[in-house]
Amino acid sequence: MAEAKQTYDPATIEPKWQAFWREHDVFRARNPGDPDFDPRQPKFYALDMFPYPSAAGLHVGHPEGYTATDIVSRWKRAKGCNVLHPMGWDAFGLPAEQYAIQTNTHPARTTAANIATFRRQLQRLGFSYDWSREISTADPKYFRWTQWIWKRLYERGLAYESNAPVWWCEALGTVLANDEVVNGRSERGDHACERRPLRQWLLRITDYAERLLADLEPLEWSESLKTMQREWIGKSEGAEIDFDVLGHAGTRLRAFTTRPDTLFGASFLVLAPEHPLVAEVTTAARRAAVEAYQKAAAAKSELERTDLAKDKTGVWTGAMAHNPLFAADDPRGRIPVWIADYVIVTYGTGAIMAVPAGDERDFAFARKFGLPIPAIFAPATSDAEADAAVARGERCCTAEAPYAAHCRTADGTLALAGRSLADAKRATIAWLEARGRGAAKVTYRLRDWLFSRQRYWGEPFPVLHTADGVDLVPDDQLPVELPVMDDFRPGGTPESPLVRAREWVETLDARGRPAQREVNTMPGAAGSSWYFLRFCDPHNEREFCSRAASDYWLPVDLYVGGTEHAVGHLLYSRFWTKVLHDDGRVGVVEPFRKLYNQGMIQAFAYRDARGAIVPMAAVKEDGDTAVHATTGEPLERIVTKMSKRYGNVVNPDQVVDEYGADTLRLYEMYMGPLADSKPWNPKDVPGVHRFLQRSWRLAVPEFPEHGPIHAWLRADRADEPALERALHRTIHKVDGDIERLAFNTAIAAMMIFVNEATKAMERLSRSQLLRFSQLLQPFAPHLAEELWARLGGEGLLARAPWPAVDAKLLVDDEVELAVQVLGKVRTRITVPADAAQDVVLAAARRAAAAWLDGKTIQKEIVVPKKLVNFVVR
RNA sequence: GCCGGAGUGGCGGAAUCGGCAGACGCACAGGUUUCAAAAACCUGCGCCCUCACGGGCGUGCGGGUUCAAGUCCCGCCUCCGGCACCA
């Protein structure tokens, strides 16, 4: 044994090609105006949801979407596109700050270290990112423009200050985010928390609700995602109706309803406990009860008020109101005014007209408190018993139903009997409008975006507070950088730790007068709401992104990421894009043309008889079964998410160390459809690795003395026809599969080709292997590049065009058909591909004679190139 | 409760427009090679009956449409995701 074998060794070839690509600037995207820009090329913008660089490093979930976009990017380049495929860091945020508090290190330092780890890990995977466009949201050169965009929002009247409630935890001395509070107690330490109003910045995203809804329609997003956004925006059409409060001349309560047609059945009003008119209308006798109820409601979170509190609660204010449909002296028109926490102050007008006969919630409330349930429907369905109950006011009816005869005003100007639901709504609104008692109204569930945090590690607002009010920092003085602090712990008040940076806070305005800097910082979603724009023009020091660059690159052609951003990030980015469009700074109104959600990569875990998950360290696996390592108890295998606690987290670095980046990429794509959640199975990884080894061996001899490639590949030879057909079929299949993001089946097709080629290895030509390398390149770029180089391919494979398909080679001369009798496959025939129908039938009859014997053929069905079916009796 | 998505061999999955269910990979079994092992290569592999030939059953469950259903329709069950007193 003299020399080492030339086996497939990713540890050697992967770093080699990564360095080569970097040194030759292979993946640099050209902007219009750049020296090598080619205007004839179509553009393609492939974007990943950029990661938050956590201390834990890259997770195998990250490279799933990243590999998908990388495959598409490399394929689009091969197809002649100018591809923008960038990567960056969503670097501001709470975890870095928490970590900083625990370890007493500055978040800027930990963030920089985490970014370095993420970058190193990503670069090991051979992604074709244009690293010259790398950005970080925490970089002053970046957040300068986040602040600048915020100023445009402010100037357009879309940013405002308001007192909004925040979670304050006395014991921890800090403000907490919604997801840090569970049932009114802090997640950390389980301390009591309360809602406190605090001055906050908000963005008027509600002004864009209708456009955010309407512009969703043409986007290539999954229906489920569009539905989630639609429901989040929550458009409802209805009416606002004014009710006079008896004994309070001039005070009217305005209620929003989607069912103005049920106004005849309104038997009480309900205000949210926080409604501003509660104090005014409450009578002296009821004041104590009302205030006690308000206090109790304030202590509850919104979750408790909705999810947990199914049982209706409420108190009467002592006030009476008047239903405008009835005459002043009609007792039916006198209705009590209650407060109850099932009415939410931030939705609609914070007040409802309660119609127990037509609304389940109002019905339950009326039943509980003995309030009247005036019947308004006379239904006639197949369920006579239910109909009678509705007519008696003993049952609630939310479906469309005929109106009772008494649904009419005394003067007959409004009568609903005989009208459809839509018609009755229209008629009621028209009647109210004519009398100045109400109007049609559209309401959205979407609320304004709470756009400030009482935290250190975020973008400072470019805002000064002076004696005259809010003053903006001039554009030429941006960015407003964070002060250097060595203690950013919460300070025992709900305010941001920035208040302690006295020298930073106390400053002068443009005219030299004393001013205080805004101490709130922007939320994590600020920087991520426009990063796709900065990628188009990342080094521009005069603009956030030149109009020429965004006009060229936008919209993003393919955006891949997890569903967790279905409403937040995607809605905010759409909003900012529209605002920048309205400001004339961006051409498009929608940033992401096609969006695809990858599934979650899960892992196996083992559960004992009690259902508790046993950490992997205590599990002994043996083939198909597993037992507890110490007790020997048999365990059940389940699929769940990866978690440190279960010890089932897969580290991509380890996979790369053992098998190489190409194997990791390939396995992640081979596991199953991109959109599905699927478990990581370590036993399956060697399968795709073997495929890469087999591909390698098609070109490279085992022993170096036989040269860098097999002898038969060095001579120019004609392509073997069967292999040539197989190759063309594979190219065609892989091409179509990448287009529809079906990477798992594309890989299967390449495996089939390699299996066939292995069996006829010495008949394979150099040209065929070169073209196979081109196919493999998007998936396993390092191996493919190495094969290409060894085979003497021209230039770099990363820049080579996609191989051509000859349509003539996709069709076979002969085809095999299934022959069915009564739908069951009985036998098969082989016929020329272009055989006439009667020839096929004759052959099929002959082949199926045994099953047709003694039967009468009633029908013969021929599906060309598929099957023949005889229907017999 | 409402709205999505899914359910296919021992496992991950394939079947793109109603046309041969189980491609491809894993696991498993047998074989070749080897002093041996690993690796590699070859063969088999849905379930049941059968020495075999062959046959029956089979895509969560129950019905239906069709020459033909994993795919379409109706009614259920289970799992996953989202929303949840939004008037």
Side-chain angles (χ1 to χ4, degrees), chain A residues 5 7 222-228 230-232 234-236 238 255-259 262 270 303 305-307 309-310 312 340-344 346-355 358-362 364-365 443-447 563-564 566-567 597 599-600 602 604 623-624 637 639 667 670-673 675-688 690-691 693-694 697 702 733 736-737 739-740 742 744-752 755 758-759 816-826 828 858-872:
Chain A
K5 293 178 181 180
T7 47
S222 70
E223 263 324 299
S224 69
L225 199 85
K226 287 191 198 177
T227 302
M228 280 164 75
R230 284 192 194 107
E231 287 175 354
W232 193 259
K235 180 178 183 175
S236 311
F256 173 72
T257 179
T258 55
R259 292 293 302 271
T262 63
V270 187
L303 215 78
R305 281 179 53 173
T306 57
D307 190 26
K310 289 286 177 213
K312 297 275 182 293
D341 64 6
Y342 82 92
V343 175
I344 297 162
T346 48
Y347 184 75
T349 59
I352 62 158
M353 63 177 212
V355 183
D359 184 284
E360 298 280 1
R361 298 153 300 184
D362 300 344
F365 194 84
T443 293
Y444 300 89
R445 202 186 75 119
L446 183 70
R447 298 182 204 172
T563 345
E564 64 271 21
V567 283
N597 288 124
M600 223 195 334
Q602 302 163 303
F604 295 130
D624 283 350
R637 191 172 88 172
V639 170
Y667 176 63
Y670 190 65
M671 291 171 78
D676 290 4
S677 288
K678 55 242 159 194
W680 182 279
N681 187 352
K683 286 186 174 168
D684 286 338
V685 178
V688 290
R690 278 198 280 270
F691 159 69
Q693 288 177 316
R694 285 158 71 87
R697 287 198 299 263
E702 192 174 358
K733 172 74 177 156
D737 282 353
E739 179 77 55
R740 65 188 182 104
N744 53 334
T745 51
I747 294 165
M750 288 188 284
M751 286 175 168
I752 293 169
N755 290 347
T758 299
K759 285 177 194 165
E816 193 185 60
L817 307 187
V819 179
Q820 299 180 333
V821 177
L822 286 171
K824 278 191 166 46
V825 179
R826 293 301 180 184
R828 304 170 173 281
Q858 291 185 306
K859 203 170 174 183
E860 296 169 325
I861 292 126
V862 179
V863 183
K865 293 176 187 169
K866 299 271 186 195
L867 55 78
V868 177
N869 189 12
F870 294 108
V871 184
V872 298

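Naming: A, B, ... by sequence-line order, numbering from 1 per chain. Keep in mind that this is a model prediction, so the values were computed, not measured.
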Exercise for the section: Using the P atom on both, measure B:U65 against B:A14 and round to a whole Å. Expected result: 31 Å

Problem - Test item: A:Trp680 and A:Gln602 side chains (from C-beta on) under 4.5 Å apart, heavy atoms - result: no

Problem - N/O (side chain, A:Arg690) to phosphate O (OP1/OP2, B:A39) under 4.0 Å - result: no

Exercise for the section: Answer yes or no: side-chain N or O of A:Lys312 and base N or O of B:C85 forming a donor-acceptor pair under 3.5 Å. Expected result: yes

Exercise for the section: For A:Arg694, answer base if it contacts any base atom (sugar-phosphate contacts may also be present), sugar-phosphate if it contacts only those atoms, and nothing otherwise; contact means non-hydrogen atoms under 4.0 Å. Expected result: sugar-phosphate

Problem - B:G12 phosphate, OP1 or OP2, under 4.0 Å from A:Asn744 side-chain N/O - result: no

Practice task
Measure from the side chain of A:Lys824, starting at C-beta and using heavy atoms only, and say which of B:C83, B:C57, B:A21 lies closest.
Solution key: B:C57

Handout entry: Over-ring placement of A:Lys312 relative to A:Tyr342, 6.0 Å and 45° cut-offs
Key = yes

Problem - Distance test, side-chain N/O of A:Arg697 to OP1/OP2 of B:C41, below 4.0 Å - result: yes

Problem - Whole-angstrom distance between B:C83 and B:A27, as gauged at atom P - result: 40 Å

What's touching nucleotides 43-50 of chain B from the protein side, N or O pairs under 3.5 Å?
none

Problem - Gap in Å between the two C1' atoms, one belonging to B:A84 and one to B:C74, rounded - result: 28 Å

Fill in the blank from the handout: Considering only heavy side-chain atoms of A:Lys866, the closest of B:A21, B:G19, B:C24 is B:G19

Handout entry: Assigned glycosidic conformation for B:C61 [threshold 90° from 0]
Key = anti

Handout entry: Rounded distance in Å between the C1' positions of B:G13 and B:A6
Key = 14 Å

Practice task
Look at the side chain of A:Ser224 and decide which nucleotide, out of B:A40, B:A23, B:G4, has an atom nearest to it.
Solution key: B:G4

Practice task
Indicate, yes or no, whether a donor-acceptor pair under 3.5 Å links the base of B:C67 to the side chain of A:Asn869.
Solution key: yes

